[in-house]
Chemist: 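Following this message is one structure expressed as structure tokens.
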Amino acid sequence: MSDASLAARWRTLRAAGRAALIPYFTAGFPSDAMSRDAIRGAVDAGADIIEVGVPFSDPLADGPTIQRASERALAGGMTMAGALSLIEALALPVPVVLMTYANPVLAYGVERFATDARAAGVAGVLLTDTPAGIDPELEQAVRDAALDVIRLVAPTTSPARLAAVVQGAGGFVYLISRLGVTGVRDELPADLGAQVTRVRAVTPLPVAVGFGIGSPTLARQTARLADGVVVGSAVVAALEQGGCAAATTLIGLLAAAVRDARA
Amino acid sequence: MSDPGRPQGWFGPFGGRYVPETLMSALEELAAAYDTARADAAFGVELEGLLRDYVGRPTPLTEVPRLAARLGRRVRVVLKREDLNHTGAHKINNTLGQILVARRMGKRRIIAETGAGQHGVATATVCARFGCECVVYMGTEDMQRQRLNVFRMELLGARVVPVPAGTGTLKDATNEALRDWVTNVSDTHYIIGSAVGPDPFPRMVRDFQSVIGREARAQVLEAHGRLPRTVVACVGGGSNAAGTFAGFLDDDAVELVGVEAAGEGLDSGRHAATLARGRPGVFHGSRSYLLQDAAGQVRPAHSVSAGLDYPGVGPEHAFFRERGRVLYDAVTDDQALAAFETLARLEGILPALESAHAVAWVLAGADRWRDDDLVLITLSGRGDKDVTLAAERLGVSV
């Protein structure tokens, strides 16, 4: 799996002198089959890394769009096992980051999860409600399976805590651009550049920015400041309203914006 | 009884801070502010003064001989009367303590979740008293069931925000309050209403509620010259139980009992007996027991009492369960409704349906005690809010 590891992918991107586009999909939304089609379409349209969300019944870090998607995916029967087989079946040429909450992982069994995720081709794991230092056993199991533990940094992360957050982090650092839950906003926070700089000062890992970025304009601006641009709610909303075609079109526009940002 | 082997905020393997990174600094700030307040004599004096002059503490201990006679032996039963607090429930012990901590942090915007509305009312009350902005999240289903409490909160100056998501009940209101907090964390304090959530909430809420157990222990010694054989409290999230048990944890001879809601029966799939039928997992910021399906999705709870209608439980209770220090049992909706009527008829006290679960457990367990045994029940709130619902269930139109 040459380019399926995050480190390899970032090396390629650095050589090309550009940022990564990282779209997010909720596994099983709007259906199992359509989420597979949408993810394949995203890769064809220029996505560099794919984030796959395993739905949870009580997604307290998510705004209305991803809440709705999670509910619908769960109603359609999506589970951790279902999401892992979806990822395995896709066998994508780009790295996959699995994003979820702690409880579906605990219910599946931590070690079994790490082993099966690795076998399915997952490159990194991001647990929204498991901040650094809270569950070292869980994170170690993920690391022991040669998966990257992706850590989040928020605008409220204190300087003292920041150093601890990047300790043991892998893959990239996910910088939450603003306070609040996931969802599209009109502009970037004024201090985004400073926030990226603050993270780069403590880690050599690439920095990807997410939360609130939904348009090619904001994606382009973000790609000038950071190594990666995560687009979640806007992709899910496009899929909700216009199906796979709309999502693929949006990703094509976002990919073009990210590619020419530094040109 | 927290485990010295782990850092503060853990009760054995339970507890922790399972929250988005954005909230971590606020929890650190809150824990520091709370620890400083606890160590400050002036804070204790201020809180005690308000509990006395505003809430009406100490609440009495009432012996209920006609209820006790139902047990068929010369067992003596006493009630710790949290129903006689200002606003009618134990909830205000916690909201008062937390708003004093929020003031010390300079946070003037307060948010809360509520199920039955008791915690929402208690939060709106202290916000009015201290001139703070108050936003209460409430599930749309619960708003239907508890319209009167919605209006009470609005009279007190609070804004009640309907939450239609999920099942439109307490768990969804809690999700929405957490989302508000993630968004407005810089100027907002979240007053969680039970001994649940990320650290420091479970221990802070328990400490503010421990006035129940402290008072009850002193009162029972004063009136009866001995400790109770059994101490009983209902458990939803578990704040009145945590506060009650805190007074008796070191008294090994005192049997502690937490009573959960068995709803329509433990095997019906419609209950809120988290400790009886749940499994450990992570929900609303801490690791504890929760009602969940095989894939780790949270299952909706059911109880006739909105205050117990919650699929999670405080982490300290999970710890007590595993240690065997507390016996957890459950009674059904029907048993609770019967106890609600019985206590009203025999003693002239209308208990909250939540508290009626604790009374029902005692009524069902006569064989447990011998003559002269003393049983203490925490009556966590009054039942005025439940009159309409009781009338419906009893087929009376009011």
Side-chain angles (χ1 to χ4, degrees), chain A residues 54-64 67-68 70-71 74-75 77-83 100-109 113 127-135 137-138 151-162 164-165 174-176 178-183 211, chain B residues 6-7 9-10 13 15-29 113 163-167 171-188 197-199 279-288 290-300 311-312:
Chain A
V54 180
F56 179 50
S57 54
D58 294 79
L60 54 84
D62 286 302
Q67 285 177 48
R68 274 198 310 277
S70 304
E71 257 180 55
L74 289 172
M78 185 47 66
T79 58
M80 177 64 76
T100 189
Y101 290 77
N103 207 52
V105 172
L106 295 174
Y108 192 85
F113 162 76
L127 298 178
T128 310
D129 60 351
T130 308
I134 286 302
D135 204 328
E137 294 92 344
L138 200 173
R151 292 266 178 77
L152 293 130
V153 170
T156 49
T157 304
S158 64
R161 189 172 157 76
L162 183 57
V165 169
Y174 187 128
L175 176 64
I176 299 170
R178 66 186 76 232
L179 303 184
V181 294
T182 55
F211 280 49
Chain B
R6 293 197 78 153
W10 290 92
R17 290 180 184 157
Y18 289 86
V19 293
E21 173 64 26
T22 306
L23 291 180
M24 287 302 279
S25 61
L27 292 172
E28 282 167 6
E29 180 195 8
E113 85 295 339
V163 181
T167 49
K171 94 176 171 79
D172 310 293
T174 305
N175 288 337
E176 212 52 42
L178 283 162
R179 290 182 188 119
D180 178 313
W181 205 29
V182 173
T183 309
N184 301 297
V185 63
S186 328
D187 69 342
T188 297
D199 179 70
R279 286 181 290 121
V282 167
F283 179 52
H284 287 162
S286 58
R287 191 190 277 246
S288 184
L290 65 128
L291 297 178
Q292 55 182 319
D293 67 15
Q297 308 299 339
V298 181
R299 281 187 32 210

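Just so we're on the same page: letters track the sequence lines, and every chain starts at 1.
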Chemist: Please look at B/A26 and chain A and tell me whether the side chain, the backbone, both or neither of the residue comes under 4.5 angstrom of a heavy atom of that chain.
Modeler: neither
Chemist: Between A/A107 and B/Q292, which heavy-atom pair has the shortest distance, and what is it?
Modeler: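 Closest approach of A/A107 to B/Q292, heavy atoms only: CB-OE1, 4.2 Å.
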Chemist: Does any part of the side chain of A/Q67, heavy atoms only, come nearer than 4.5 Å to the side chain of B/N175, both counted from C-beta?
Modeler: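 They are not in contact (no side-chain heavy atoms under 4.5 Å apart), so the answer is no.
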Chemist: B/P20 and A/L60: which non-hydrogen atoms are nearest, and at how many Å?
Modeler: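 What the structure gives for the nearest pair is CD-CD1, 3.5 Å.
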Chemist: Report the option among A/P64, A/G133, A/A154, A/P131 that has the most heavy-atom pairs separated by less than 4.5 Å from atoms of chain B.
Modeler: A/P131
Chemist: Set out, in order, the CA-CA distance, both residues' side-chain angles and the distance that settles side chain to side chain contact (heavy atoms under 4.5 Å, CB included) for B/F283 and A/N103, then state yes or no.
Modeler: CA-CA 7 Å; B/F283 179 52; A/N103 207 52; over 6 Å; no
Chemist: Heavy atoms only: give me the nearest B/V298-A/F56 pair and the separation to one decimal.
Modeler: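 Looking at all heavy atoms of both residues, the shortest contact is CG2-CZ, 3.9 Å.
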Chemist: Between B/E21 and A/R151, is the closest basic N to carboxylate O distance under 4.0 Å?
Modeler: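 A salt bridge is absent here (no side-chain N lies under 4.0 Å from a carboxylate O).
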Chemist: Report which part of A/L74 has an atom under 4.5 Å of a heavy atom belonging to chain B: side chain, backbone, both, or neither.
Modeler: side chain
Chemist: Below 4.5 Å, heavy-atom pairs only: which of B/H284, B/E176, B/R179, B/K171 has the largest tally toward chain A?
Modeler: B/R179
Chemist: Check whether B/R299 gets within reach of chain A through its side chain, its backbone, both or neither, counting any heavy atom under 4.5 Å.
Modeler: neither
Chemist: Tell me whether B/Q297 contacts the main-chain N or O of A/T79 through its side chain, where contact means a donor paired with an acceptor under 3.5 Å.
Modeler: no
Chemist: Does the side chain of B/M24 reach to within under 4.5 Å of the side chain of A/V165, using non-hydrogen atoms?
Modeler: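 B/M24 vs A/V165: side chains apart.
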Chemist: Specify which of A/T128, A/D135, A/V181, A/T130 makes the most heavy-atom pairs with chain B at under 4.5 Å.
Modeler: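 Most pairs with chain B among the choices: A/D135.
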Chemist: Can you tell which part of A/V105 gets under 4.5 Å to a heavy atom of chain B, answering side chain, backbone, both or neither?
Modeler: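 For A/V105, there is no contact with chain B at all, as no heavy atom is under 4.5 Å.
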Chemist: Looking at A/T156, is its backbone amide N or carbonyl O close enough to the side chain of B/S25 to form a donor-acceptor pair, meaning the two atoms are under 3.5 Å apart?
Modeler: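 Yes; judged by distance alone, with no hydrogens or angles, the pair exists.
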Chemist: So if I apply the side-chain contact (heavy atoms from CB on, under 4.5 Å) rule between A/D129 and each of B/V19, B/L178, B/V282, which one comes out positive?
Modeler: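 Passing option: B/V282.
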Chemist: Indicate yes or no for a side-chain donor-acceptor contact from B/T22 to the backbone of A/L179 under 3.5 Å, with no hydrogens or angles considered.
Modeler: no
Chemist: At a heavy-atom separation under 4.5 Å, does A/L152 approach chain B through its side chain, its backbone, both, or neither?
Modeler: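 For A/L152, backbone and side chain are both near chain B.
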